[in-house]
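To keep things clear, I will list the structure first and then write my remarks on it.
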Amino acid sequence: MKTVHAGLAAARALLPGRGDYAGLRASWRSDLVAGLTVGIVALPLALAFGVSSGAGAASGLITAVVAGLVAAVFGGSHVQVSGPTGAMVVVLAPVIAAHGLGALAAVSVLAGLIVLAAGTLKLGRVVTFLPWPVIEGFTVGIAAIIFLQQVPAALATDGGDSTNAVLAAAHAAGAVNAAGAGWVSTGASLGIVAVVAAVMVLAPKIHPRLPGSLVAIVLASVIAEVFALPVARIGALPTSLPAPALPVLNMEILSALVGPAATIAALAAIESLLSARVASSISDTGAYDADRELFGQGLASIASGFFGGMPATGAIARTAVNIRSGGRTRAAAITHALVLLAVVYLATSVVSRIPLAALAGVLMVTAARMVSLPTLRAVIGSTRADTIVFFVTAVITVSFDLIEAVEIGIVVAAFFALRSLVRSSGVHREEIPGPIMDGDEHIALFRLDGALFFGAAERVLERVTDIRNVDVVILRMSQLQILDATGARVITDITQALERRGITVLIKGIQDRHLHLATKVGVIESLRHHKHLFSDLPAAVEHARSHVSRAAAARTAQAATERKKTEP
């Protein structure tokens with residue numbers, strides 16, 4: 001019965017409740033203003049991310065509406081705004097290129113189910129284990145990919161068949177030289193990109209709340225229409241949301257898409273939780289629920305897939321705009337989705353005339369803003385190990401795969417962390433405290449510091465077992481902070497090796513939290529006598545001196561016996 005109640009309580013914790021809107025009576029006006037502002041900011045980004053992913057502008061807009069609404073209601077953050085993001089575009093574009101646009105709905109639903117399961121299994125806190133240099137390297141790599149992905153649209157040329165952003169950008173740049181009459185369209189596209197970038201840079205300086213991306217898009221579209229510029233447009237968009245439909249899922253599709261879906265799910269979980277964590281740190285609307293956030297984001301991607309949209313994640317840029325604009329409850333993110341829904345039903349004919357180069361300009365500036373120079377200086381100026389982790393993650397993100405970059409970055413960070421832990425660990429021979437007494441030279445006192453684990457165990461074993469000309473070894477373990485099974489086994493091996501040589505081993509100060517492990521692994525059993533375990537050093541030294549005295553007496557008796565044997 002207790003298990004059932006616990007299960008029901010866990011399920012209720014993942015579902016919406018009245019507490020989600022506790023402050024709505026006081027903040028509804030600011031929530032509406034914030035939602036309207038975020039909707040205006042999100043429109044060009046949703047269109048641009050849809051086009052850049054290969055799914056199309058309509059898919060980006062549908063994702064912002066459907067996933068944005070579902071994540072706002074079911075997610076674990078009060079101020080998070082969700083929808084299509086640059087990181088998702090980076091990982092989704094190769095999937096669409098390889099499996100076709102028909103795989104979009106299936107991969108969205110599959111990825112959503114994985115994220116949903118992660119939230120149900122309470123895996124939300126896993127993201128807290130990601131090292132900061134890995135996160136920053138990952139972010140810089142994504143920014144570089146987003147920027148490079150826009151080069152073909154900015155140059156009005158073809159990026160070739162490669163799914164690698166660097167190769168596609170290089171192919172597009174090379175195609176300009178062979179464009180011939182296409183120089184006119186290339187020049188017009190570059191001009192539009194320049195106009196968009198200039199407006200987005202200058203708009204915040206004119207007024208902090210001026211939606212620079214929207215103003216830039218409007219201005220670029222007007223210029224393209226007035227001067228009849230030969231540039232590609234977004235094209236026809238649906239005038240309503242499509243009817244929801246279940247994607248086709250059979251064994252062939254599942255086997256082909258389960259790998260990409262797992263990658264997309266991992267990215268969605270990481271980005272959403274990082275965004276929610278940042279939002280919680282810059283707002284005073286309360287902490288976020290990591291498990292519920294995964295649950296909500298999983299539902300959002302599933303719903304988006306049913307309507308033909310893309311997988312969704314939390315979007316830190318739109319979330320930050322929401323917070324700065326006064327958003328306090330989920331009503332702001334819900335309003336943002338409704339604003340975009342109004343665009344679908346009322347303004348698609350106008351939106352369809354937006355030049356693709358204008359969207360490319362928006363994403364180029366967005367990518368540049370993702371890179372924080374103060375943060376870069378902080379990472380690079382921290383430690384050499386963190387700098388290496390940062391650059392390795394960034395380079396692999398751009399060159400190969402996003403999830404592989406995170407995995408390799410974590411491995412490299414773990415290597416340096418272990419190396420640092422090994423260096424902080426050690427074994428030191430100390431002088432016996434107090435007045436020196438006869439026979440103390442036959443007592444070796446070793447202090448174990450830091451961590452005794454698999455990375456440092458062998459060095460400790462060699463250092464202690466190499467001791468010579470002693471009768472007693474005292475191992476001080478009171479300063480030992482970390483002990484794993486390998487470290488405990490090494491202490492057992494040390495004790496057994498010394499005892500075989502006739503050297504008595506005394507252990508002093510083993511901590512209570514290590515005692516259970518030491519007992520299980522055999523440390524206590526390896527001692528010659530259970531009284532060879534001490535809690536204070538003076539008692540251990542006194543006991544060691546008694547052993548030395550007996551050993552000295554035994555050596556004296558042995559010498560006398562040998563002399564008698566040699567006498568005539």
Side-chain angles (χ1 to χ4, degrees), residues 421-453 456-483 487-515 517-519 521-567:
L421 195 58
V422 169
R423 288 179 174 179
S424 67
S425 307
V427 55
H428 308 279
R429 185 169 181 179
E430 297 182 320
E431 295 293 334
I432 295 176
I436 302 299
M437 299 178 63
D438 291 339
D440 282 358
E441 67 274 10
H442 295 294
I443 301 174
L445 175 60
F446 289 100
R447 186 186 77 248
L448 303 181
D449 287 332
L452 184 56
F453 68 115
E458 190 65 27
R459 183 160 56 93
V460 173
L461 177 64
E462 294 175 356
R463 175 77 171 86
V464 177
T465 55
D466 282 346
I467 194 70
R468 294 291 183 271
N469 302 319
V470 299
D471 296 319
V472 182
V473 167
I474 302 175
L475 298 178
R476 291 187 62 186
M477 297 179 59
S478 56
Q479 301 300 313
L480 196 61
Q481 300 302 315
I482 299 173
L483 180 70
R489 186 63 204 177
V490 162
I491 296 176
T492 303
D493 293 341
I494 290 173
T495 303
Q496 292 174 343
L498 293 176
E499 291 286 357
R500 283 194 297 268
R501 289 164 48 191
I503 301 173
T504 301
V505 177
L506 310 179
I507 294 180
K508 176 266 169 187
I510 188 168
Q511 299 181 40
D512 291 339
R513 58 195 174 106
H514 298 153
L515 186 58
L517 174 61
T519 303
V521 175
V523 173
I524 310 303
E525 186 179 350
S526 66
L527 296 173
R528 188 182 303 176
H529 195 282
H530 70 275
K531 291 185 177 180
H532 289 178
L533 191 65
F534 297 87
S535 59
D536 61 279
L537 186 58
V541 171
E542 182 181 352
H543 195 86
R545 284 169 175 164
S546 68
H547 275 274
V548 170
S549 298
R550 289 194 295 269
R555 282 192 293 270
T556 301
Q558 181 67 27
T561 301
E562 294 296 330
R563 284 196 301 272
K564 288 181 180 180
K565 289 181 180 179
T566 57
E567 289 177 357

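Predicted model, so just to flag it, every value in this text is computed and none were measured.
The distance from atom NE2 of H543 to atom CD1 of I443, rounded to the nearest 0.5 Å, is 11.0 Å. Of the inter-residue distances, the one linking R447 atom CZ with I474 atom CD1 reads 14.0 Å to the nearest 0.5 angstrom. Residue K531 holds its NZ atom at 13.5 Å from CG of L506, rounded to the nearest 0.5 Å. To the nearest 0.5 Å, atom CD1 of residue I503 and atom CZ of residue R528 are 10.0 Å apart. Interatomic distance, CZ of F446 versus NE2 of H428, reported as 11.5 Å (0.5 Å rounding). One distance of note links CZ of R489 with CG of L483; it measures 13.0 Å at 0.5 Å rounding.
You'll find the side chain of L515 reaches within 4.5 Å of the side chain of I524, heavy atoms only. The side-chain heavy atoms of I467 and L498, taken from C-beta on, include a pair separated by under 4.5 Å. Side-chain contact between V505 and I494: absent, with no pair of heavy atoms (C-beta onward) separated by less than 4.5 Å. No side-chain heavy atom of H547 sits less than 4.5 Å from a side-chain heavy atom of H442. Contact of the Q481 side chain with the R513 side chain is registered, since non-hydrogen atoms from C-beta on lie closer than 4.5 Å.
Considering all non-hydrogen atoms of both residues, E499 and T504 come closest at OE2-CA, 3.7 Å. Closest non-hydrogen pair, V470 versus A444, comes out as CG1-CB, 4.1 Å. When all heavy atoms of F534 and A539 are compared, the pair lying nearest together is CE2-O, 3.8 Å. Here the shortest heavy-atom pairing between K508 and S478 reads NZ-OG, 3.3 Å. The heavy-atom pair separating V460 from V427 by the smallest distance is CA-CG1, 4.2 Å. Closest of all the heavy-atom pairs between L517 and A488 is CG-CB, 4.2 Å.
The backbone N or O of T465 sits less than 3.5 Å from a side-chain atom of R501, completing a donor-acceptor pair.
Checking D471, D438, D440 one by one against R545, the side-chain hydrogen bond (donor to acceptor under 3.5 Å, both in side chains) holds for a single residue, D440. Test V548, L445, V541 against V472 for side-chain contact (heavy atoms from CB on, under 4.5 Å) and you get one pass: V548.
Residue D536 qualifies as enclosed at atom CG: its count of foreign heavy atoms under 6.0 Å is above 12. With a 6.0 Å radius and a threshold of 12 heavy atoms from other residues, nucleotides or ligands, Q511 has its CD atom above the threshold.
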Residues M477, I491; criterion side chain to side chain contact (heavy atoms under 4.5 Å, CB included); working and verdict | CA-CA 10 Å; M477 297 179 59; I491 296 176; 3.4 Å; yes

